[in-house]
Amino acid sequence: MKLSHKTASKSHRVLLFGPPKSGKTQLAGELSRAFNLIWFDLENGVDTLLKLPPKQQERIEVISLPDTRSYPIAIETCLKAIKGSRGKICEQHGKWNCLSCSKNPEATPSVEICLSELPLDTIVVFDSLTQLTNSAIAHITKAQPEDYKLEYDDWANLGKLMDVFLSHVQQAGFHVVCISHETEVKMEDGKDKLVPTAGTRNFSRNTAKYFDEVVYCEVKNKKHAVGSSTTYSGNILTGSRSGTSLESAANASLVPIFTGERITVNPVTENTPANKAAAGLSDLRAKMAASAAAKNGDK
């Protein structure tokens, strides 16, 4: 098929990362102003969402996964859910099609989902890839003692599990937001960069390829800041296939990404040293042209 006949994907995949308490959950939660959310809570961090207005809280379906080192249920359930088949997740264990809970469904309620059938007014949120990584490690080493150190094959298996999950995110026909923390890695050019945490350091370095938008959250000058363009910061991995620049918006929001709008850098008003210099040159040219015109008029 010719590129001219291709249409842009209707579903969007966003990776949101940054240090703790940098506004990641709040930014994702604000999507409930315009969308329904299915929120996979791996870190028991939904208390932040209770700050949202009651009307928005009603639009968020929380699926709690009580993931621990001794009970690594998150990787198992998330892998089955992301593949898009229909199933039930029990509230008590966070388990996909839990046999024990199916025997007494009234006493142990569950949520039935089929992500592949979701309409585009719904966004699936996984919070977080960091905990999903921990769950995968615990799953791989569950037969080992607590002081066990991962070996080469264990790290390879971790990469495989994360790749299976993220490859389904990459090809999802529904909207997805993944939240993660940050880790510093050395890039191929030898420079250190902050990247989303997902699996090993080497795997984390390439995690962005699975997403359309990679958004960074941080606190600068006592205010929450968000960046998504490739030029946001030289030592932070961000980028947007659509050209969206959230740092250029007056109020940061992920809603425009999912509604098809684009927030782009205004080369005239963006207050950067390069644009200041360009504006100065333009003013100088204008003054020189006006001076030349005045001289010609005097002759």
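Just so it is clear, the structure is predicted and the values come from calculations on it, not from any experiment. Residues: numbered from 1 along the sequence shown.
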I need the [X] [atom1] to [Y] [atom2] distance, nearest 0.5 Å.
| X | Y | atom1 | atom2 | value |
| --- | --- | --- | --- | --- |
| I73 | C98 | CD1 | SG | 8.0 Å |
| T197 | L129 | OG1 | CG | 9.0 Å |
| N157 | K160 | CG | NZ | 5.5 Å |
| F203 | L158 | CZ | CG | 8.0 Å |
| S64 | N44 | OG | CG | 6.5 Å |
| L31 | S253 | CG | OG | 6.5 Å |

Specify the closest pair of heavy atoms between [X] and [Y], including all atoms of both residues, with the distance to one decimal.
| X | Y | answer |
| --- | --- | --- |
| S204 | A198 | OG-N, 2.9 Å |
| Q92 | P66 | O-CG, 4.1 Å |
| A136 | L161 | CB-CD1, 4.0 Å |
| G239 | T230 | CA-CG2, 3.7 Å |
| S180 | P196 | OG-C, 4.0 Å |
| S128 | E43 | OG-OE2, 2.5 Å |

Pairwise ring-ring contact (aromatic ring centres under 6.0 Å, His included) hits with a residue in [range], at least two apart:
| range | value |
| --- | --- |
| residues 212-236 | F17-Y216 |
| residues 137-164 | none |
| residues 46-104 | none |

Quiz: residues 164-177 side-chain donor-acceptor pairs under 3.5 angstrom, not counting sequence neighbours:
residue, atom, partner, partner atom, Å
S167, OG, D163, O, 2.9
S167, OG, V164, O, 2.9
H168, ND1, V164, O, 2.9
Q170, NE2, K209, O, 3.3
H175, ND1, H12, N, 3.1
H175, NE2, L120, O, 3.3

Under 4.5 Å side-chain heavy-atom separation, chaining through any Ile, Leu, Val, Met, Phe, Trp or Tyr, what else clusters with M187? Say none if it is isolated.
V185, V195, L237
Between E213 and S228, is there a side-chain donor-acceptor contact under 3.5 Å, judged purely by atom types and distance?
no
Side-chain contact test, heavy atoms from C-beta onward, threshold under 4.5 Å: evaluate it for S135 versus L42 and give yes or no.
no
Shared ILVMFWY cluster between [X] and [Y], side chains joined below 4.5 angstrom?
| X | Y | answer |
| --- | --- | --- |
| L16 | V125 | yes |
| L15 | F258 | no |
| V14 | F40 | no |
| I179 | F35 | yes |
| V215 | Y210 | no |

Can you name the residues that form a side chain to side chain donor-acceptor pair (under 3.5 Å) with D47, not counting sequence neighbours?
none
List the residues meeting side chain to side chain donor-acceptor pair (under 3.5 Å) with T25, not counting sequence neighbours, and say none if there are none.
none
Has [X] got a side-chain atom pairing as donor or acceptor with [Y]'s backbone, closer than 3.5 angstrom?
| X | Y | result |
| --- | --- | --- |
| K83 | S116 | no |
| E91 | T108 | no |
| S240 | S229 | no |
| T259 | P256 | yes |

Can you sort out the partners of S110 under side chain to side chain contact (heavy atoms under 4.5 Å, CB included), two or more places apart, ordered by chain and number?
K88, C90
Step by step, would you call S233 with L194 a side-chain contact (heavy atoms from CB on, under 4.5 Å)?
CA-CA 10 Å; S233 174; L194 294 177; over 6 Å; no
Could you list all the salt bridge (charged side-chain N to carboxylate O under 4.0 Å, His left out) pairs where at least one residue sits in [range], not counting sequence neighbours?
| range | result |
| --- | --- |
| residues 225-243 | D212-R241 |
| residues 168-194 | K186-D192 |
| residues 129-154 | none |

Could you tabulate the donor-acceptor pairs under 3.5 Å formed by side-chain atoms of residues 52-63, not counting sequence neighbours?
residue, atom, partner, partner atom, Å
Q56, NE2, S32, OG, 2.9
Q57, NE2, L50, O, 3.1
Q57, NE2, L52, O, 2.7
R59, NE, N36, OD1, 3.3
R59, NH1, R33, O, 3.4

Sort out for me which residue in I75, D127, L65, D67 forms a side chain to side chain contact (heavy atoms under 4.5 Å, CB included) with L132.
I75
